[in-house]
Each structure stands twice: as C-alpha cells, then as structure tokens.
Amino acid sequence: MDERWQRPRGTQDVLPAEAERMERLRRLVAQVAELYGYGAIETPVFEQTAVFVDGVGGATDIVQHERYSFVDAGGVALTLRPEGTAAIARAYVENGLSAWPKPVRLYYWAPMFRRERPQKGRYRQHQQYGFELYGSPEPTADAEVLLVARRLLQAVGLSPHVLVNSIGCDQCRPRYREALVAYLDSHGAALCGDCRRRLADNPLRVLDCKQDQAVARGAPDIAAFWCDACRSHQEAVVALAAEAGIPVERDPALVRGIDYYSRTVFEVHDPSLGAQSTVLGGGRYDGLTVRVGGAPVPAVGFAGGAERLLMAAGAALGAPRVPSAYVAQVGVGHQGWQAAERLRGAGIPTEVDLMARSLKAQMKEAGRRASVVVLAGGREWEDGLVTVKRLSDGREAAVALANLAGTVREWLNGVEAEHAEPK
RNA sequence: GUGGAUGUAGCUCAGUUGGUUAGAGCGCCAGGUUGUGGCCCUGGAGGCCGGGGGUUCAAGUCCCCUCAUUCACCCCA
C-alpha cells in the first residue's frame, strides 16, 4: 500500500460496530451528567498556545514534547487541544461564568491530541469525556465528582477502585518539595537517568518511578507535611467517599503530571488495559482560573479516555441488533423499492435490494440483516398483496398492501419478545 | 524519545535448508432450473508477500533502511 494514503500514526478509523458502542458510551456520559446536573460545554479543537502552556504547565511533558502546534497564516500560535480542563477554565473566565450562581457544573466529550508514541490504549487522537465542578472548595465537591465517576464506571460493568492522594497547597507543598529534594539528593547515585532529570523540574514524579522503588519507598511522605487545612480536607474526602461505598485507598506515590492540581488527586485503574491502565483521572485545581487570566475559583473534576473505557468495558455497551425488515423484489419492477419506503414511513427500519440480485440472493441478504422479509411484486402485487415472512420461525402470510406496516410491526414485536425472554 | 516483537487475500493464519504458476479456513460473489434465507455441494473473484535498496543464476524466505502495528520504558485518558 502506498504510504501516502495511510492514516496518520496513532489515529484510528472507527467503523460502524465500534462507532455504535462509542455513541452508546457518549449517551451514557450525557445521562450521568444530566443525573447530577452537569451541563454540556464545547470549546474549540484548537486554542492559542498560551492557554495550554500556562494552563497545563510549561514543564509538563504534555506541553514540552507532545504538542501539536502550528502558526496560522495570520501569525497566531495555535495548539490542538491536548486535554480539556485548561481550555474549559479559559472558557469559564472568558464567558464570565464566575458570575453564575455557584457551583457551576460542566461536562464535555471531545477529541484530544497528543504526539506520543502510540500503544494499546494510547493514541495521538483520542476521545475524552470530563466533568468539571467550579465554585466549591468543600470536600463534598471532591466527593461528588467521585460519585459521578463511580456511577459512570458501574454503568459499564466496572467496579471502580479509587486511588487518592493530596499533593498539598501553595502553603505546604513547597516545604515537602524541599524535604523531598534534600532526600533525593542524598540518594542521587541510586537514581535512574530519568529521575535525575525529574529532580529539577518535577521531583514529586520520582515517587512513582518503576526503577527506583527502593529509593522512593524510603522517601518522606507528603502526609507528614500537609497543613491543617489540607489534612482535614483530604481526610474528609476519603471519609465521604468511603461512606458512599466507594472503595478508596490512599496512594502516597500518586502525583499527576499536570501542574494545575492542588490538594486532591485521584485515579482509577483497570488491569485489563495493560500498561496504560488509567481509565480515568482527576483532582482539584483551585489555581487554574488564575493561570488563564481570571480570578481565583476553586474547582474539581476528572477526565477519562473513551477508547480505554470501551476496552475495559468488554462486552458491555455492545449493540444488540435492532429488529428490522428487508424487502425483496419478486420479478422485475420497483414494487419492492416502493414498499420499503412505505415501511420506513411507518417508522420501521427497512432495507431493500439495490443490486438487482436473484430472489434467492435477496433472501440470503435478508437473513443476514433483518428479522422479517417482505416479498413484493409478481402476481400478488396485481391483487394488491405482498407476502410477509418472519425469518426466525418461517411464519408466512399474504397481506393487503394497506395492512403491510401493521403486520410487519406486529411480527417484529414478536421477534423482540423472543429475544427478551430469558432462556 | 528508547528498547523488544510482528507485517503474506477483506479477516485469522500456513508457506520446508532461498528454487518454477503463493496456499488454507472464514467472509464475499455466482450456480445447484421455474417466486423463499440459514445447512450442504460446485465454481469464481480477490495478493506490487507493508514500502525501498542490496546479496544471489534465483528472494515471501537472507542483509540494510524505511513505514506501520504491537509490548514495555516514558507519560497519561
């Protein structure tokens, strides 16, 4: 195959069966959003580059190595959205949502772009859904988004196990950072190359390095450095979640690679996803609106990857076949083509032969994609009749054209009932 | 960005120590007579063997490069 016509690396063509599952997930996200009072928000696929550099953080991998950036013909620096939260914070500020009655609940479903090395569950373009809760500093807000996440995961058959941590606030995090760097410096020789680099720009990340487990285990725990406010916040979030029946576990090594987080961070993993096991992740980001030019507003939220959730969901969200009709043309003519449109007019999903195939071939086709076949044309048509046949049991009857839709609907309902019967 | 594995028909895969016209199953199309699917039988279409270069009398088989997929690192959804 000529490589010019291959899709770009890390992108996907989603064919009807999978697109149907994706659409079901999308509707499910919308239902959950509605249940908790979250309103849909849409923002542009690209933003001015500064929104992400300042919002997400200039030292993060997302902006340093993974950006799809370009300068347009007018000389404006633009970037394809790599994640949702920063762009929504920009929209929150720009549209004056800070004047809305608090809290403001928003959700989105949108494609994201990151130039990473693709592997299972990691794509250069992928769909993310996300929930953002603005205006409340209370632990109940953190806990509410956990409830939303749990509801969503349970709906696709997963039982979430939530890892949480608090990375502190502007008051207490610097003290911890200092202590951590001091500790790591003293073990500098034992650190891997990646971690030496991290030491400078994001020392907290050394904690979840896979190679330096020993060093990381001996590191000071941030819990010992939390200020009173951060401590009681974290404890309240964990208690509220546990009270709601959500299995939560504190992971002292959990730190997320985006700069805007404060206090609460959390992740949900699923072992079926392999190395890219994060099915959803989020936390609190009280300082984000300031980063994108607004007044401070407390906020919490999370985002998840649709492709990953679909993978983890396995057979759930599979598309049961909608019972439909197929009209076969008997002999020459367009009677079948006309009868089909009559059925569709009555709201019955109907296909008809467009290949001028033999009746036998049409029947075979019908067997593949429909539950009821209508034979139109020939001698019966002269008498105003068509034959209706149900494929599951071979039941067959000649009916007047005027009664066609009614009969087909009735027989299709019979099919549905059969499928619904537990065996 | 780093390392390993893998690219043969639409799909899943065979292809001997390099050797003539590259195979199977499934799927697809047609037929097994006249207006009836599934099962069965027969036939058919469909492959620059991912792409490029090299070694050789001869390359799907060996070597190099490249593209893609995949697993892991990294990072994250």
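These values consider heavy atoms only, across backbone and side chains, with no hydrogens, waters or symmetry-generated copies. Throughout, a chain's letter reflects where its sequence line sits, starting with A, and its residues are numbered from 1.
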Practice task
Output all residues satisfying ring-ring contact (aromatic ring centres under 6.0 Å, His included) with Tyr134(A), sequence neighbours left out; order by chain, then residue number.
Solution key: Tyr92(A)

Handout entry: Proximal nucleotide (of rC76(B), rG35(B), rU69(B)) relative to the Arg205(A) side chain
Key = rC76(B)

Exercise for the section: Sort and list the pairs that fulfil salt bridge (charged side-chain N to carboxylate O under 4.0 Å, His left out) and have at least one residue in residues 254-283 of chain A, not counting sequence neighbours. Expected result: Arg256(A)-Glu267(A)

Practice task
With a 4.0 Å heavy-atom cut-off, tell me which residues in residues 26-37 of chain A come close to RNA chain B, sorted by residue number.
Solution key: none

Handout entry: Between rG25(B) and rC65(B) - C1' atom distance, rounded Å
Key = 36 Å

Problem - Other residues, nucleotides, ligands: >12 heavy atoms within 6.0 Å of Asp170(A) CG - result: no

Fill in the blank from the handout: Residues at least two apart in sequence or cross-chain that pass side-chain contact (heavy atoms from CB on, under 4.5 Å) with Leu240(A), listed by chain then number, are Pro139(A), Thr140(A), Ala143(A)

Fill in the blank from the handout: Whichever of Gly121(A) and Gly394(A) has the more 5' nearest nucleotide on RNA chain B, that residue is Gly394(A)

Practice task
Remember a base hit wins even if backbone is also touched, and classify Ala366(A) as base, sugar-phosphate or nothing at under 4.0 Å, heavy atoms.
Solution key: nothing

Handout entry: Any residue meeting side-chain contact (heavy atoms from CB on, under 4.5 Å) with Val330(A), in chain and number order, not counting sequence neighbours
Key = Leu359(A), Leu375(A)

Problem - Crowding at CD, Gln64(A) (>12 non-hydrogen neighbours, <6.0 Å) - result: yes

Practice task
Could you tell me whether His161(A) atom NE2 has more than 12 heavy atoms of other residues or ligands within 6.0 Å of it?
Solution key: yes

Problem - The single option from Val279(A), Leu273(A), Val268(A) passing side chain to side chain contact (heavy atoms under 4.5 Å, CB included) against Leu309(A) - result: Val279(A)

Exercise for the section: Write down the distance separating the P atoms in rA24(B) and rG15(B), rounded off to the nearest Å. Expected result: 15 Å

Exercise for the section: Could you measure between the two P atoms, the one in rG4(B) and the one in rU20(B), and give it in whole Å? Expected result: 34 Å

Exercise for the section: Would you classify Gln127(A) as touching base, sugar-phosphate or nothing, given that sugar-phosphate means primed atoms plus P, OP1 and OP2, and contacts are heavy atoms under 4.0 Å? Expected result: nothing

Exercise for the section: Inspect the contact between Glu351(A) and Arg369(A) and indicate whether a charged nitrogen and a carboxylate oxygen are less than 4.0 angstrom apart. Expected result: yes

Completion exercise
Nucleotide by nucleotide, nucleotides 1-6 of chain B touches protein heavy atoms under 4.0 Å in the pattern (B base, S sugar-phosphate only, - none) BBB---

Problem - Pairwise 5' ranking along RNA chain B for Tyr123(A) and Pro118(A), keeping only the more 5' one - result: Pro118(A)

Practice task
Give a yes or no on this: more than 12 heavy atoms of other residues, nucleotides or ligands lie within 6.0 Å of atom CZ of Arg368(A).
Solution key: yes

Exercise for the section: Return yes when atom OH of Tyr176(A) has more than 12 non-hydrogen atoms of other residues, nucleotides or ligands closer than 6.0 Å, and no otherwise. Expected result: yes

Practice task
For Thr387(A), report the nucleic acid contact type (base, sugar-phosphate, nothing); a contact means any heavy atom under 4.0 Å.
Solution key: base

Handout entry: Among Lys389(A), Arg395(A), Arg390(A), salt bridge (Lys or Arg N to Asp or Glu O under 4.0 Å) partner for Asp393(A)
Key = Arg390(A)

Handout entry: Nearest heavy atoms of Ala86(A) and Tyr260(A), plus distance in Å
Key = N-CE2, 4.5 Å

Handout entry: CZ/Arg250(A): more than 12 non-hydrogen atoms of other groups inside 6.0 Å
Key = yes

Exercise for the section: Using only heavy-atom distances, decide whether a donor-acceptor pair under 3.5 angstrom links the side-chain of Gln119(A) to the base of rU69(B). Expected result: no

Practice task
Rounded off to whole Å, could you give me the NE2-to-C1' distance for the His65(A) and rC76(B) pair?
Solution key: 13 Å

Practice task
Rounded off to whole Å, could you give me the CZ-to-C1' distance for the Phe113(A) and rC75(B) pair?
Solution key: 19 Å

Handout entry: Sub-4.5 Å side-chain heavy-atom contact between Val327(A) and Gln362(A)
Key = no

Fill in the blank from the handout: Taken to the nearest whole Å, CG/Asp383(A) to P/rG35(B) is 16 Å

Exercise for the section: Take the angle between the ring planes of Trp109(A) and Tyr129(A) and call it parallel below 30°, perpendicular above 60°, tilted in between. Expected result: parallel

Exercise for the section: May I ask you to say whether Glu382(A) pairs ionically with Arg379(A), meaning some side-chain N is under 4.0 Å from a carboxylate O? Expected result: no

Practice task
Could you state the atom-to-atom distance from CZ of Arg124(A) to P of rU69(B) in whole Å?
Solution key: 8 Å

Problem - Donor-acceptor pair (no angle test) under 3.5 Å: Arg368(A) side chain, rG37(B) base - result: no

Fill in the blank from the handout: Stems with RNA chain B, 3 or more Watson-Crick or G-U pairs in a row (under 3.5 Å), are B:1-7 with B:67-73, B:10-13 with B:23-26, B:28-32 with B:40-44, B:50-54 with B:62-66

Problem - Distance test, side-chain N/O of Arg67(A) to OP1/OP2 of rC75(B), below 4.0 Å - result: no

Exercise for the section: Would you mind reading off the distance between Glu382(A) atom CD and rG35(B) atom P, rounded to a whole angstrom? Expected result: 14 Å

Practice task
Verify side chain to side chain contact (heavy atoms under 4.5 Å, CB included) between Thr43(A) and Glu47(A), making sure each step is shown before the conclusion.
Solution key: CA-CA 9 Å; Thr43(A) 62; Glu47(A) 295 273 353; 4.1 Å; yes

Completion exercise
Considering only heavy side-chain atoms of His126(A), the closest of rC75(B), rA77(B), rG35(B) is rA77(B)

Completion exercise
Lys120(A) atom NZ is separated from rA72(B) atom C1', nearest whole Å, by 14 Å

Completion exercise
Atom CG of Leu204(A) and atom P of rC75(B) are separated, to the nearest Å, by 13 Å

Would you tabulate the nitrogen or oxygen pairs shorter than 3.5 Å linking the protein to nucleotides 30-34 of chain B?
residue : atom : partner   : partner atom : Å
rG32(B) : N7   : Lys360(A) : NZ           : 3.1
rG32(B) : O6   : Lys360(A) : NZ           : 3.2

Practice task
For nucleotides rG1(B) and rG47(B), find the distance between their C1' atoms and express it as a whole number of Å.
Solution key: 36 Å

Please report, to 0.1 Å, the donor-acceptor pairs under 3.5 Å made by any side chain of residues 27-40 of chain A, with sequence neighbours excluded.
residue  : atom : partner   : partner atom : Å
Tyr36(A) : OH   : Arg151(A) : NE           : 3.0
Tyr36(A) : OH   : Arg151(A) : NH2          : 3.2
Tyr38(A) : OH   : Glu144(A) : OE2          : 2.7

Exercise for the section: Check each residue of residues 247-283 of chain A for a non-hydrogen atom within less than 4.0 Å of any atom in RNA chain B, then write out the ones that pass by number, or none. Expected result: Arg256(A), Gly257(A), Ile258(A), Gly274(A), Ala275(A), Gln276(A), Thr278(A), Val279(A), Leu280(A), Gly281(A)

Exercise for the section: Only counting residues at least two apart or in another chain, list the ones meeting ring-ring contact (aromatic ring centres under 6.0 Å, His included) with Tyr107(A). Expected result: Phe131(A)

Completion exercise
Regarding the side chain of Glu380(A), the nearest nucleotide among rU36(B), rG35(B), rC75(B) is rG35(B)

Handout entry: Out of rG35(B), rC76(B), rG37(B), whichever nucleotide has its closest atom nearest the side chain of Lys389(A)
Key = rG37(B)

Problem - Distance in angstrom units between Ile62(A) CD1 and rA77(B) C1', rounded - result: 9 Å

Find every protein N or O atom lying less than 3.5 Å from an N or O atom of nucleotides 65-67 of chain B, and list the pairs.
residue : atom : partner : partner atom : Å
rC67(B) : O2'  : Gln6(A) : NE2          : 3.2

Practice task
Flag the pair Glu116(A) / Asp61(A) as yes when at least one side-chain heavy-atom distance between them is below 4.5 Å, and no otherwise.
Solution key: no

